[in-house]
Amino acid sequence: MLLTIPGVLDGDTVGQFREALAAAEWEDGRRTTGYLAARVKRNGQLAEDHPVAQALGERILAALERNTAFISAALPHRVFPPMFNRYGPGETFGTHVDTALRQPAGQLRRMRCDLSATLFLSDPASYTGGELTIADSYGTHAVKLAPGDMVLYPASSLHRVEPVIAGVRLAAIFWVQSMVREDPARAMLYDLDSAIQHLGAAVPDHPAVVQITGVYHNLLRRWAEV
Ligand code: NI
């Protein structure tokens, strides 16, 4: 499932992010990538332990905790601390698959990356190129979103960042270990949850609303690992 979640950060917050990121020191993005992906990666990123990355990352995590669409779609168990990257003219990240397991800095336990997320920070009118191109069983999707909007997609997907031709593309990226490991099961729970929300609003007193809510929880009980 590929899902766009608008307005994860509001315009004022994105402005503050861009200001903080403009003043930070960027390093070569190949530092944190495996050998194969490093061959196709050309960008800048903030070190994981950079104070700006940590402060902004915590604000994103707080925003995600309040975001019902994210909670419903990702069913998050653990969220990797967000990382920040920057693509200038000629920079790109060629086709790759994200690493399955990651160890957040300063944590003992590794996490499994079930979902990948990109939170766009630059105005799409301010740069050309730089689309996030994601392949899934329905074809290839080119994603370029308004600042503050986020795309969530299976970490198993082949994807790339198209070369930036002009301007600068800033984004935050992170991964989610979901309580529900398999994407098709997670997608069904998301559909069921949104149907329940609509029915609950349209016919709140209908006994079937409670019955179908019970089915949702019983499927979650069957599939969730915590
Ligand atoms: Ni990637």
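FYI, side chains are in, hydrogens and waters are out, and symmetry mates aren't considered; it's all heavy atoms of this structure. Fair warning: this is a prediction, and the values are worked out from it, not measured in the lab. Remember, it's 1-based here, ligands and their atoms both numbered in the order they're listed. If you read the sequence from its start, that first residue is 1, and numbering goes on from there.
- Although no hydrogens or angles enter the test, the distance criterion places a donor-acceptor pair under 3.5 Å between the side chain of D149 and the main chain of G7.
- Within 6.0 Å of CD on E225 lie more than 12 heavy atoms contributed by other residues, nucleotides or ligands.
- Side chain of D136 to backbone of G139: a donor-acceptor contact under 3.5 angstrom is found.
- I60 and V79 end up in the same hydrophobic cluster when Ile, Leu, Val, Met, Phe, Trp and Tyr side chains are linked at under 4.5 Å.
- Protein atoms of type N, O or S found under 2.8 Å from the Ni ion (ligand 1) total 3.
- Remark: the backbone N or O of L75 is not paired with any side-chain donor or acceptor of H77 at under 3.5 angstrom.
- Judged by distance alone, the side chain of K41 and the main-chain N or O of G29 form a donor-acceptor pair under 3.5 Å.
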